[in-house]
Participant: 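Please find one structure pasted underneath; my questions will follow.
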Amino acid sequence: MKIEQVLQTKFGFNHFREGQREIIEDLLAGNHVLAVLPTGTGKSLCYQLPAYFMKRPVLIVSPLLSLMEDQVQQLKANGEKNVIALNSFLREEEKKEALRHLAAYRFIYASPEILQNAYVIQALQSANVGLFVVDEAHCISQWGHDFRLDYLHLGDVWQSLGKPICLALTGTATNEVLEDIKHYLQLKDAHEHLYSMNRPNIAMNVEYVEGVKEKKEKLLAYVKHLQNPGIIYCSSRALTEELTVYLKENGIENVQYYHGGMESSERMLIQQQFLENQLDVICCTSAFGMGVNKRNVRFVIHFQPPPQLESYVQEIGRSGRDGEDSIAILLYHEGDDELAYSLLEMELPSSDIVFYCLSTLRTNKQAMSLKKVEDHFLFTIGIQETHWRFLRYYLQKEGVIVGDTVYPSLVQESLHEKIVDAVKERLQNKYRKYTAMKQFIHTHECRRQLLMRYFEEEGLSEKINCCDQCGISLDDYKKRENLKKKRIFKDWESELRILLRQGEE
DNA sequence: CGTCAAGCTCTTAGGAGCTTGACGGTGCTCTAAT
C-alpha cells in the first residue's frame, strides 16, 4: 500500500501539507528526523501515518496530560482502538494490565516523568518500540534544564529502548534549541526538516505605556474594537482574574480567565468553551495554549512581555492559523522587566538552599531511601518542588542518588560549588534570553526582521501590516459591526447552514 | 515594579498614615511498608 492510500483511507485527506511527505518518507526509510513545522496543524500525522507501515508500536512522549488525552480521543474517533496513554489517569490495575500487553498497542503516549520508572521501561523494552517520538520537543530546552528535568533523561530512555527510529517534532526552535534537542536525545545523525517560523499574516505591534492604569485603558480599547476571538497573556494568575473582572465591568461580556492554579475540570471547560466560540476573550498565563488548535483567533495581546522570544513566537502563533490576518500587541512598561527578572530567578534554587540541602544530607552516614529524603525536604523543610528536582538531577548525575537510594557519604565538598555554578549558568542563559526580548521591544528596525535574525533565518516579508515599525493600519483589524448588522434572518435553512459552517472550525 | 497585608508610630483610645517585606509562572507523579 502506498502512503497516499493510507492518507486517504485512514485519515481522509487527499494531499499532504508542506513537509509531511518528506518527513514520513524519511522515517520509513529508517532515518532519524528532527522536524520544525510551524503551527500545530498536521504535525501528528507525521508519526501517525508511518505507524500503519510498522509492525511495532509507536511511543510518543508528550508534555501534557490534556494533550495526550486529546490525541487518544482523536485516534479513537478515527477508528483506531489500539491506543493508550500511560499516565496518572490510569488506575493501578489498568496500568498493570496495559503494561502487560504493551506490544498490542499501535500508539503509546507517555509523559517524560513516567518514563523514569524502571518497570515502565522494561515493559516498553519487551513491547519492542519501533518509533520513538518526542512531541513538542522544544520542551527539552525550555523546561528540561530547570522545570521538568526528566526531559533531559529522554536520551537515556531512547537508548535503553535500543535506539528505535526517532522523530523529534516542534513548532518553533532557534539553533540553540535544536542543539539542545540533539544533545539531550543523543541524536547524532538526524535528518533535519526545518521550515520557517515566520507567519506573514500576523502583524506585530509594541506599545509603550506609562503605568498599569494606562495599560488597562489601552487593553480595554483594543478588546472593544478588535475582532474576536482573542487571547490576553499575563505574567501572574491574580492579574488574569483581575483583568477579567475589569473587562466585564466595562462591557466585554464573554471573557474568562485561565491559569495553572485552577481545578483541571474548570480549565478543561474554559478551554472547550473557547474552542467552541462561546468565549470572545481569554485572559491567561502561559499555562494556556499548548495543544490549543483554534483556527480563527484574531488577536493576541501581551499584558507583559514573555521571558523569551521563543515563547513570544509560540504565543502569537496561536492566532491566525486559518491564514487570515491577525494582530499581536505587546503592551510594555519599564517596570515589567523587574517582574520578568524575579520570575526567572524563582525558577532556580538559591545558593543557600543548595548549601542547606547538601549539608543536611551530609549529617547522615548511612544510605537512605530517596522517598524519605524527598519527603523531608519537600514537606518538613518546605523546599520548592522544582528546586528539589533540580538538586536531585545533579545528585543523580554525581552518583549520590542511584535508583531509589541516596548515599550521603558520596556528597563531595566540591558538589555545592558545582551545583551553584550550574544555577549561575542557567540564570545567565535566562537573562540573555530576556535581553533579546528587550531588544525586540526597543528596536527601531522591522520587528519581523529582528525575529528572523534571532531564529537565524533568511528573507523578509514584504507584506503590508508587517509591524509597527513598518506601519500597521489598525483599522484592518477592527470589528466589522456594519457587516454583522446587515445580515438579516432569512430562513431556518440558511441559518442552519451558517451554524454548521461555524461548527466546522 | 505593583499590590497587599502586617506592623509600627503618633496621638490620645480607635483610627489614620506610614514603612517594610513578601510575592509573582509553566506540570508530572506518587510501587512504600506498617
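All chains are named by letter (A, B, ...) in the order of the sequence lines, taking the proteins before the strands, and each is independently numbered beginning at 1. Bear in mind the structure is a predicted one, so any value in this text is a computation, not a measurement.
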Participant: Just by distance, no angles: are the side chains of Asp337(A) and Tyr332(A) close enough, under 3.5 Å, to form a donor-acceptor pair?
Facilitator: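 Yes.
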Participant: If only side-chain N and O atoms count, and only distance matters, is there a donor-acceptor pair under 3.5 Å linking Glu242(A) with Tyr257(A)?
Facilitator: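 Their side chains do not contain a donor-acceptor pair, so the 3.5 Å distance test is not met.
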Participant: So what does Asn87(A) hit on the nucleic acid, given a heavy-atom distance under 4.0 Å: a base, only sugar-phosphate, or nothing?
Facilitator: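 Answer is sugar-phosphate: Asn87(A) comes under 4.0 Å of backbone atoms only.
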Participant: Does dT29(B) have OP1 or OP2 under 4.0 Å away from a side-chain N or O of Ser88(A)?
Facilitator: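 So the side chain of Ser88(A) is within the cut-off, an N or O lying under 4.0 Å from OP1 or OP2 of dT29(B).
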Participant: What is the distance, rounded to the nearest whole Å, between atom CD of Glu334(A) and atom C1' of dC1(B)?
Facilitator: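 Those two atoms, CD and C1', are 11 Å apart.
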Participant: Where each residue is assigned the nucleotide of DNA chain B containing its nearest heavy atom, which of Gly211(A) and Leu344(A) is assigned the position nearer the 5′ end?
Facilitator: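 Result of the comparison: Gly211(A).
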Participant: Categorize Lys95(A) for me: base, sugar-phosphate, or nothing, with a 4.0 angstrom heavy-atom threshold over every strand shown.
Facilitator: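 The residue Lys95(A) makes base contact.
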Participant: Given dG24(B), dT26(B), dG27(B), which nucleotide is nearest the side-chain atoms of Ser236(A)?
Facilitator: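 Given the options dG24(B), dT26(B), dG27(B), the side chain of Ser236(A) is closest to dG24(B).
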Participant: Identify whether any heavy atom of Asp337(A) sits under 4.0 Å from a base atom; if not, whether one sits that close to sugar-phosphate; answer base, sugar-phosphate or nothing.
Facilitator: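 No contact.
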Participant: Do other residues, nucleotides or ligands put more than 12 heavy atoms under 6.0 Å from Asp404(A) CG?
Facilitator: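 12 or below, so no.
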Participant: Is the glycosidic torsion of dC30(B) within 90° of 0, making it syn, or is it anti?
Facilitator: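 Base orientation: syn.
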Participant: For the side chain of Lys96(A), starting at C-beta, report the closest nucleotide among dT31(B), dT26(B), dT29(B).
Facilitator: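 Of the options given, the side chain of Lys96(A) lies nearest dT31(B).
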Participant: Taking for each residue the nucleotide of DNA chain B with the nearest heavy atom, is it Leu86(A) or Ala287(A) whose nucleotide lies nearer the 5' end?
Facilitator: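 By nearest-heavy-atom nucleotide position, the 5'-most residue is Ala287(A).
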Participant: Mind checking the P distance from dC28(B) to dT34(B)? Whole angstroms is fine.
Facilitator: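 Per the computed distance, 32 Å lies between those P atoms.
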Participant: Starting from C1' on dG2(B), measure out to CG on Leu243(A) and report it in whole angstrom.
Facilitator: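 Distance, rounded to whole Å: 13 Å.
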Participant: In terms of side-chain heavy atoms, does Tyr431(A) have a donor or acceptor partner in Glu345(A) at a distance below 3.5 Å?
Facilitator: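 Side chains of Tyr431(A) and Glu345(A): pair found under 3.5 Å.
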Participant: When you compare dT3(B) with dG25(B), how far apart are their P atoms, in angstrom units rounded to a whole number?
Facilitator: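 15 Å, rounded to whole Å.
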Participant: May I ask you to say what Leu239(A) touches in the nucleic acid, namely base, sugar-phosphate or nothing, with a heavy-atom cut-off under 4.0 Å?
Facilitator: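 Result for Leu239(A) = nothing.
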Participant: The side chain of Leu343(A) lies closest to which of these nucleotides: dG24(B), dG27(B), dT26(B)?
Facilitator: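 Within the option list, the nearest is dG24(B).
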Participant: Roughly how many Å is it from CE in Met262(A) to P in dT26(B), rounded to a whole number?
Facilitator: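 After rounding, the gap between these two atoms is 11 Å.
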Participant: Check the angle between the aromatic planes of His145(A) and Tyr184(A) and answer parallel, tilted or perpendicular using the 30° and 60° thresholds.
Facilitator: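 The rings of His145(A) and Tyr184(A) stand perpendicular, inter-plane angle above 60°.
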Participant: Could you check whether Thr285(A) gets within reach of a base, just the sugar-phosphate, or nothing at all, counting any heavy atom under 4.0 Å?
Facilitator: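 Sugar-phosphate: the residue Thr285(A), judged by heavy atoms under 4.0 Å, touches backbone atoms but no base.
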Participant: Met346(A) side chain: which of dG24(B), dC28(B), dT26(B) is closest?
Facilitator: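 For Met346(A), the side-chain atoms sit closest to dG24(B).
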Participant: Among Leu86(A), Leu124(A), Val134(A), exactly one meets side-chain contact (heavy atoms from CB on, under 4.5 Å) together with Leu59(A). Which residue is that?
Facilitator: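 Among Leu86(A), Leu124(A), Val134(A), the one meeting side-chain contact (heavy atoms from CB on, under 4.5 Å) with Leu59(A) is Leu124(A).
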Participant: Roughly how far apart, to the nearest Å, are dT11(B) and dG17(B) at atom P?
Facilitator: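 One P to the other, the span is 14 Å.
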Participant: Hey, can you tell me if Phe274(A) and Phe288(A) have their rings parallel, tilted or perpendicular (30° and 60° cut-offs)?
Facilitator: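 Perpendicular: the ring planes of Phe274(A) and Phe288(A) meet at over 60°.
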Participant: Can you list every stem that DNA chain B is part of, counting only runs of 3 or more consecutive Watson-Crick or G-U wobble pairs with both distances under 3.5 Å?
Facilitator: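 So the stems come out as B:1-10 with B:15-24.
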Participant: Rounded to the nearest angstrom, tell me the gap between atom CG in Leu90(A) and atom P in dT29(B).
Facilitator: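 From Leu90(A) CG to dT29(B) P: 9 Å.
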Participant: Determine the contact category for Arg389(A): base if any of its heavy atoms lies under 4.0 Å from a base atom, sugar-phosphate if only primed atoms, P, OP1 or OP2 are that close, otherwise nothing.
Facilitator: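 Contact class for Arg389(A): base.
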Participant: Over all strands shown, is Glu347(A) touching base, sugar-phosphate only, or nothing at heavy-atom distances under 4.0 angstrom?
Facilitator: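 Base, at least one base heavy atom under 4.0 Å.
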Participant: Calculate the interatomic distance between Lys371(A) atom NZ and dT31(B) atom P; express it in whole Å.
Facilitator: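 So the NZ-P distance, Lys371(A) to dT31(B), works out to 7 Å.
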Participant: Rounded to whole Å, how long is the line connecting atom NZ of Lys213(A) with atom P of dT3(B)?
Facilitator: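 After rounding, the gap between these two atoms is 12 Å.
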Participant: If I take atom CG in residue Leu154(A) and atom C1' in nucleotide dC28(B), what distance separates them, rounded to the nearest angstrom?
Facilitator: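 Taking atom C1' of dC28(B) as the reference, CG of Leu154(A) is at 13 Å.
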Participant: Check whether any side-chain nitrogen or oxygen of Thr386(A) sits under 4.0 Å from OP1 or OP2 of dG27(B), and answer yes or no.
Facilitator: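 False: Thr386(A) side-chain N/O out of range (4.0 Å or more) of dG27(B) OP1/OP2.
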Participant: Using the side-chain hydrogen bond (donor to acceptor under 3.5 Å, both in side chains) definition, which of the options Thr170(A), Asp180(A), Thr174(A) pairs with His138(A)?
Facilitator: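 Among the candidates, only Thr170(A) passes.
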Participant: Heavy atoms only, 4.0 Å cut-off, all strands: where does Pro307(A) land among base, sugar-phosphate and nothing?
Facilitator: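 Since no nucleic acid heavy atom lies under 4.0 Å of Pro307(A), the category is nothing.
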Participant: At 4.0 Å (heavy atoms only), tell me whether Glu385(A) reaches a base, stays on the sugar-phosphate, or touches nothing.
Facilitator: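 Touches a base.
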Participant: Does Trp143(A) stack onto the base of dT26(B), taking stacking as ring centres under 5.5 Å apart and planes under 30° apart?
Facilitator: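 Per 5.5 Å and 30° rule: no stacking.
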Participant: Taking only the P atom of each, what is the distance from dA33(B) to dT26(B) in whole angstrom?
Facilitator: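 dA33(B) and dT26(B) have their P atoms separated by 34 Å.
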Participant: Can you tell me, in whole Å, how much space there is between the C1' of dG14(B) and that of dT9(B)?
Facilitator: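 Taking atom C1' in both dG14(B) and dT9(B), they lie 14 Å apart.
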Participant: Assess the side chains of Glu374(A) and Trp388(A): does a donor N or O sit below 3.5 Å from an acceptor N or O?
Facilitator: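 A donor-acceptor contact under 3.5 Å links the two side chains.
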Participant: Please report the distance, rounded to the nearest Å, between CG in Leu370(A) and C1' in dC30(B).
Facilitator: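 That distance rounds to 12 Å.
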Participant: Could you check whether Glu92(A) gets within reach of a base, just the sugar-phosphate, or nothing at all, counting any heavy atom under 4.0 Å?
Facilitator: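 Counting heavy atoms under 4.0 Å across all strands, the contact made by Glu92(A) includes a base.
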Participant: Measure from the ring center of Tyr222(A) to the ring center of Phe299(A) and say whether it is less than 6.0 Å.
Facilitator: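 Ring-ring flag for Tyr222(A)/Phe299(A): false, centres at least 6.0 Å apart.
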Participant: Which of these nucleotides, dC30(B), dG24(B), dT26(B), is closest to any side-chain atom of Leu339(A)?
Facilitator: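 Between dC30(B), dG24(B), dT26(B), the one nearest the side chain of Leu339(A) would be dG24(B).
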